[in-house]
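Remarks on the structure that follows.
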2 protein chains.
Amino acid sequence: MLHMDTLDQRIISRLVADARASFADIGAAVGLSAPAVKRRVDKLLDLGVLQGFTAVVDPEALGWGTEAFVEVHCHGNVPAHRIRGGLEPLPEVVAAYTVSGQADAIVHMRAADIHHLETAMERLRAVDFVNRTVSTVVLSRLLDRPPPADRA
Amino acid sequence: MLHMDTLDQRIISRLVADARASFADIGAAVGLSAPAVKRRVDKLLDLGVLQGFTAVVDPEALGWGTEAFVEVHCHGNVPAHRIRGGLEPLPEVVAAYTVSGQADAIVHMRAADIHHLETAMERLRAVDFVNRTVSTVVLSRLLDRPPPADRA
DNA sequence: CGTGAAAGTACAACCGA
DNA sequence: TCGGTTGTACTTTCACG
């Protein structure tokens, strides 16, 4: 599946640090010409290793300053794709995972404030397969960063 | 807390969708010239509303296919910045939050596989202020997306 | 993978509402 | 202070070696 060498990893690392860096700058950093970098980036996009480029926005500044993690416990056995389908319409859900342990899923939610979070969680609890939720409100964000380019 | 109008939100929305979009393309979408868009983006970067631009990488492809959420319970009262300092050196920690409830912090970890996750959690438990951890392993990622540009 | 040329883009200085 | 226009340097992108 992967012909991913050290050069690709260094290119990815540079793009994670700055997605708007020019191919020429990246090339200078990794020792390649700009077209060579572009060919590798295009290949990585095609393979799905790179999924795209995005802006990092301060949620506070956009009015999404309150977040919470919610354990979702379902009625009986609900397949993952059905959980996904139930959560996808809720705009406050920024991430969701099926998990091992007592809970069936962990849902990461963002809202404007506590009141908005409350109404969003009411909508979450109203989803048909949801039985019980256990929510944990975030007080402060300590860290938020991409994983290292090369594994330890 | 500053003057962010509809134009800024639409520009941010476009950059979240594609951080490498040209100012000319963004301008065509929002009805502004390229330099006008650049001036607004520079201002948003300066204000910290936009924090930067990054590549979206598939963690699987990079060899970080296993993730977990870990509740951290501390010895006594540990200030947030000290928790941050203790977690920051662990490369497997991709995000961390102080939270309300029984736990003191929630830590989001990524590792190459279950064994790597185990060794990373041993290192986490070895951090001086950590008393107890409760870990929840992710089985599948259902959703992972940015919050909407305008609040509901 | 590098080179070079054509088209497109970024950026700063300048002008007008 | 906002946006538009212009000119210059740089980037992207392609065909070719």
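The sequence lines fix the lettering, A, B, ..., with proteins before strands; numbering per chain opens at 1.
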Sorted by position of nearest nucleotide on DNA chain C, 5' first, the leading residue of A:Ala34 and B:Ala34 is A:Ala34
Under 4.5 Å between any side-chain heavy atoms of B:Val93 and A:Arg145, yes or no?
yes
Does the side chain of B:Val78 come within less than 4.5 Å of B:Asp104's, by heavy atoms?
no
Calculate the interatomic distance between [X] atom [atom1] and [N] atom [atom2]; express it in whole Å.
| X | N | atom1 | atom2 | value |
| --- | --- | --- | --- | --- |
| A:Leu45 | D:dT13 | CG | C1' | 15 Å |
| B:Leu15 | C:dA10 | CG | C1' | 14 Å |
| A:Phe23 | D:dT12 | CZ | C1' | 8 Å |
| B:Ile26 | C:dT9 | CD1 | C1' | 12 Å |
| A:Asp42 | D:dT12 | CG | P | 11 Å |
| A:Asp25 | C:dT9 | CG | P | 18 Å |
| B:Phe53 | C:dA10 | CZ | C1' | 13 Å |
| A:Leu32 | D:dT13 | CG | C1' | 16 Å |

Please determine if A:Arg141 and A:Asp58 form a salt bridge, counting it only when a charged side-chain N lies under 4.0 Å from a carboxylate O.
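Salt bridge between A:Arg141 and A:Asp58, a charged N being under 4.0 Å from a carboxylate O: no.
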Is the shortest side-chain N to carboxylate O distance from B:Arg14 to B:Asp18 below 4.0 Å?
no
Where the side chain of B:Arg10 meets the backbone of B:Ile26, is there a donor-acceptor pair that is under 3.5 Å apart?
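Not a single qualifying donor-acceptor pair exists.
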Report which part of the nucleic acid A:Ser22 touches: base, sugar-phosphate, or nothing (heavy-atom distance under 4.0 Å, all strands).
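Contact class for A:Ser22: sugar-phosphate only.
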Taking only side-chain nitrogens and oxygens of A:Lys38, does any of them come within less than 4.0 Å of OP1 or OP2 of D:dT12?
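For A:Lys38, the contact criterion (side-chain N or O under 4.0 Å from OP1 or OP2 of D:dT12) is not met.
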More 5' along DNA chain D: B:Gly31 or A:Arg20, using each one's nearest nucleotide?
B:Gly31
Upstream residue (5' side of DNA chain D) when A:Ala24 and A:Arg39 are each assigned their closest nucleotide
A:Ala24
Of all the choices, D:dC2, C:dG4, D:dG4, which nucleotide is nearest to the side chain of A:Pro35 once you look at every atom?
C:dG4
